[in-house]
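Heads up: the structure comes next, in structure tokens.
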Amino acid sequence: MTKPVRVRFAPSPTGYPHVGNIRTALFNWLFARRYGGRFIVRIEDTDLARKVEGAEKGILDSLRWLSLDWDEGPDVGGDYGPYYQSQRLELYKSAAEKLVAQGDAYYCYCSPERLEAMRAEQVKRKQPPGYDRHCRELAPEERAQKEAEGIVPVVRFRVPLEGQTRFKDLIYGDVVFGHSTLDDFVLLKSDGYPTYHLANVVDDHAMKISHVIRAEEWISSTPRHLLLYQALGFEPPEFIHHPMILGPDRAKLSKRHGAVSILDYRDQGYLPQTMFNFLALIGWSLDDRTEIIPRQALVDNFSLERIGKTGAIFNREKLDWMNGVYIRSLTPDEFFDAVQPFLMSDIAAGEALIENEDYVREVLPLVQERAKTLLEVVELTRFFFVDGLDYDASQLIGKKMDAQSTVNALKAAQENLEKLVVLQESATSETLPAFDADSLEAVLRPLAAELELKTGQLFGVLRVAVTGQSAAPPLFATMAVLGRERSLKRIAAALSKL
RNA sequence: GCCCCCAUCGUCUAGUGGUUAGGACAGCGGCCUUUCAAGCCGUCAACAGCGAUUCGAAUUCGCUUGGGGGCACCA
């Protein structure tokens, strides 16, 4: 690499950024950081009709969420701005005029209706759809006539009829397209805005982009771009097309595949470090075994050579697993911070958070290793925050037990727990915690034998009584966090259900 | 229809002429255990097919099949 590395992420604000787009951004960012280059964000807002309000914010928020910081672009500016194509219209216009002047482009007056009819006919006759070059050789008088009629033309590129364009993609290798398969594509629309093809080439050159890293869906428009670079006298950048992310049906990932917006994953409680790692691993690999790769390691080891050529299905199960790994790796404080917004969106949990943050901080370690997402934490911890438990009395009855033995077990537990707490409180004043996990176990374990129950039976009954669930964090720790009063109250409530 | 790309376990992948084809997720079985997790151990599972080159092909070449992408005054 002789030229300084300058790569760009060039989204169009026409919708919310899905995981595929953001992965492209990630690859670009990693490449820039790996080789000490610049990562540039350029907004390709050249389609007025499809522009979506808030889309740009969604895109930038997504990048920020993953900490894909850009060196030039919106907000930060840069030496090659403006970074909005809608503010660079003059550049495209003069490029188009230059091409027309030198005979590489021409004005086309065909109406959308004619073009549509033409395409319909081509499809009907099973011919490749494409512009029929109707205006390619218009005589000056004909042009004047059209102009007089007030028709605003588009500018089309005059693709050579013969020959071929080839390029070496850094991932796919040599790719060749015959010019006969290309049509005279539009450069400048009648509203004065450029098409992607023109704007992209003009800007990549103007912004000194060294490597164009984009999804494979662009590979077939690359020859058009190359033709433009040539006609404009620009030196083309390196081209790198990477495989796409597929839905479970192996088609290009789209809205109908469910959650595809990167922000949906954020809102569902996936950690940014998970998405960063996971996205990098779709299509790229470090070696034959490493899955969990911290951000810095990714930067240090990223390389184009290790991007594969095959499209990859977004594997939700593996994402869940990885998010669990990252959640477990969080310190208690980090976990608290990450989970807080999700807790706040729940009434009971939010209230607990406001009234007694310390209590919440005690609860969280009990579920941290059980959660696959932050959102799930709300469900996992719900019983800690609500007043009344809602479960069916039949759930209380332990394995191989009946209502009577269950009542007996609960009563015995109740008595023993009350006794224990009183004893400890009076005997040891402040030095011993009155209701901790160890003490609880010391009391409850012998009790099972006394009642001639298996520990699993007794603990199971108590678990349902205290949590309303048959699956929950460890019983003693749970009761200790819940506290003496709440625990005994729930046991009493269970008794009244039977 | 035309053009381009791709092809290893269900999924993500390692592999670049000689490997018992490795890892991860999921699944299954077990251990641990008060439940659920986590952890540990084990197990199931793949080179799309056919030719060619070669002493030898997952690895090279061709064809077939399959899949994907593109073919707008969208990006």
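The figures here come from the full heavy-atom set of this structure, side chains too, leaving out hydrogens, waters and symmetry mates. Below, chain A is the first sequence line, B the second, and so on; all start at residue 1. Because the structure is predicted, anything quoted here is derived from the model rather than measured.
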| query | Contact class for A:Lys126 vs. all strands (heavy atom < 4.0 Å): base, sugar-phosphate, or nothing? | reply | sugar-phosphate

| query | From A:Ile219 CD1 over to A:Ile240 CD1, what is the distance, rounded to the nearest 0.5 angstrom? | reply | 11.0 Å

| said: Going by ring pair (Phe, Tyr, Trp, His ring centres under 6.0 Å), name the residues that satisfy it together with A:Phe342, two or more places apart in sequence or in a different chain. | reply: none

| said: Categorize A:Arg125 for me: base, sugar-phosphate, or nothing, with a 4.0 angstrom heavy-atom threshold over every strand shown. | reply: nothing

| Which salt bridge (Lys or Arg N to Asp or Glu O under 4.0 Å) pairs, counting each pair once, include a residue from residues 175-188 of chain A, with sequence neighbours left out? | A:Arg133-A:Asp184, A:Arg136-A:Asp184, A:Asp183-A:Arg224

| query | Can you find a donor-acceptor N/O pair under 3.5 angstrom joining the side chain of A:Thr181 to the base of B:C3? | reply | no

| task | May I ask you to verify whether the side chain of A:Glu216 and the base of B:G70 hold a donor-acceptor pair under 3.5 Å? | result | no

| Using purine N1 to pyrimidine N3 plus N6-O4 or O6-N4 for Watson-Crick, or N1-O2 and O6-N3 for G-U wobble, both under 3.5 Å, which nucleotide pairs with B:C55? | B:G18

| field | Positions of residues 155-164 of chain A (non-hydrogen atom under 4.0 Å from RNA chain B), listed by number | value | A:Arg156

| note | pair_partner(B:C2), Watson-Crick or wobble, both distances < 3.5 Å, evaluates to B:G70

| field | Distance in angstrom units between A:Ile171 CD1 and B:G68 C1', rounded | value | 16 Å

| request: Under 4.0 Å between any heavy atoms, over every strand shown, what does A:Leu475 touch: base, sugar-phosphate, or nothing? Just pick one. | output: base

| query | Touch check for A:Thr46, heavy atoms < 4.0 angstrom, all strands: base, sugar-phosphate only, or nothing? | reply | sugar-phosphate

| task | Send over the distance from A:Glu379 CD to B:C36 P, rounded to a whole Å. | result | 20 Å

| field | Salt bridge flag under 4.0 Å for residues A:Lys93 and A:Glu97 | value | yes

| field | Whole-Å distance separating the CD atom of A:Glu217 from the C1' atom of B:G69 | value | 8 Å

| What nucleic acid atoms does A:Arg306 come within less than 4.0 Å of, heavy atoms only: base, sugar-phosphate, or nothing? | sugar-phosphate

| Pairing nucleotide - B:A26, Watson-Crick or G-U, each distance under 3.5 Å | none

| query | More 5' along RNA chain B: A:Ala10 or A:Arg250, using each one's nearest nucleotide? | reply | A:Arg250

| query | Taking OP1 and OP2 of B:A72, is either one under 4.0 Å from a side-chain nitrogen or oxygen of A:Lys189? | reply | no

| task | Looking at every strand, decide which applies to A:Pro474 at a 4.0 Å heavy-atom threshold: base, sugar-phosphate, or nothing. | result | base

